[in-house]
Amino acid sequence: MTREMSDSEGRGLRPIVVFGATSDVAIALSRRYAEEGASLILIGRNESRLMAVADDLRVRGAASVRTLLQDSLTYEDHPALIESLFSDHRPARFYFFQGSLPDQKACEASFELTREAVEVNFLSIVSYLTWLATALERYPLENTTGGATIIVVSSVAGDRGRGSNYVYGASKGALTVFLQGLRNRLYKVNHGVLTVKPGFIDTKMTADIDKGGPLWAKPQKVADDIRRAADGGRMVLYTPWFWQFIMLIIKSIPETIFKRLSL
Ligand SMILES: NC(=O)c1ccc[n+]([C@@H]2O[C@H](COP(=O)([O-])OP(=O)(O)OC[C@H]3O[C@@H](n4cnc5c(N)ncnc54)[C@H](OP(=O)(O)O)[C@@H]3O)[C@@H](O)[C@H]2O)c1
């Protein structure tokens, strides 16, 4: 069941929609929009956290902040939620940040845990995107407003399966392929799709992992890269930039060698 929690008077046109709005990277990105006076629609599953994020964005200058409470695994509620996003102004951007990093070892011994990881990281987003893409095709494009952009956070983990996290990697890899097809489809009706592939980010998702070293990025850096890529009409973003080259090397290692490595 989706619950609308608040809806203040919107001043800015074409709101920015943020799924997984309580993600650390989503918060960093939303703060930038708030400081510019944007209207935001936030979707999340944790009521107190979502309210705190919304309050923070209002204080920072958002024209309006609307919050929708929904666990992304409640598939039956997705069509109504997507429909409600179009009730006022047609949103300009749809960001998808939700995801979870499963315990790979635990998943190896449990299909239930594996399924949950695949649902959170892949299937639930596919469900939202199925309804969203259909809605975008249904609303005829008005030249005065332009097309919308869908921005989905995948991961470099989806570029190649590794023994240490292939359940998460497989979910993100499937998501990346789905987004390629969606981009191809929506191009015909002038809507864009941006696939974001971050490396390691210092967020609550990675709270249990030892951090440090040049490969770790802060949420604000990743958020700013995402915003720039969305503004620039990019299709695929590796963030920080050097991950594109790291993954080029990782993808080029022959499988006969790769299977012997501990990655
Ligand atoms: N951190 C990294 O190193 C890293 C690297 C590559 C890609 N990514 C991706 O970046 C994105 C943002 O993650 P983050 O690093 O900012 O981590 P985060 O702060 O833990 O954010 C994860 C978000 O997903 C939400 N979520 C999880 N399960 C959900 C469900 N069933 N329904 C609705 N929302 C759900 C969380 O909600 P709650 O706040 O309620 O828990 C939270 O908003 C994710 O897609 C992640 O896979 C992260």
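Just so you know, these numbers come straight off a predicted model, no measurement behind them. As the structure lists them, so they are numbered: ligands from 1, and atoms in each ligand from 1.
The residue among S72, G158, S154, A117 with a heavy atom at the shortest distance from atom 30 (C) of ligand 1 is S72. The residue from E47, M205, R49 that puts a heavy atom closest to atom 13 (O) of ligand 1 is M205. Of the options T203, V152, V153, the smallest heavy-atom separation from atom 10 (O) of ligand 1 is shown by V153.
Remark: of the listed residues F97, F96, Y95, F96 is the sole one forming a ring pair (Phe, Tyr, Trp, His ring centres under 6.0 Å) with F19.
Polar contact with ligand 1: absent for L73 (N/O pair, distance under 3.5 Å). Some N or O of K204 is nearer than 3.5 Å to an N or O of ligand 1, by distance alone. Residue-to-ligand polar distances keep N121 apart from ligand 1: every N/O pair is separated by 3.5 Å or more.
Annotation for ligand 1: atoms under 4.0 Å from non-hydrogen atoms of N46 are 40 (O). For ligand 1, the atoms closer than 4.0 angstrom to any heavy atom of D24 are 16 (O), 19 (O). Residue F97 approaches ligand 1 through these ligand atoms, each under 4.0 Å from one of its heavy atoms: 11 (C), 12 (C), 44 (C), 45 (O).
Of the heavy atoms in T206, only side-chain atoms (C-beta onward) come closer than 4.0 Å to ligand 1. With a 4.0 Å heavy-atom cut-off, ligand 1 is reached by the backbone of T22 and by its side chain too. At a heavy-atom cutoff of 4.0 Å, ligand 1 is contacted by the side chain of K172 but not by its backbone.
With hydrogens left out, the protein atom closest to atom 47 (O) of ligand 1 is Y168 OH, 2.7 Å, a heavy atom.
A cation-pi geometry, defined here as NZ or CZ lying under 6.0 Å from the six-membered ring centre and within 45° of its normal, does not hold between R183 and F178.
Aromatic rings from W243 and F200 are positioned such that their centres are separated by under 6.0 Å.
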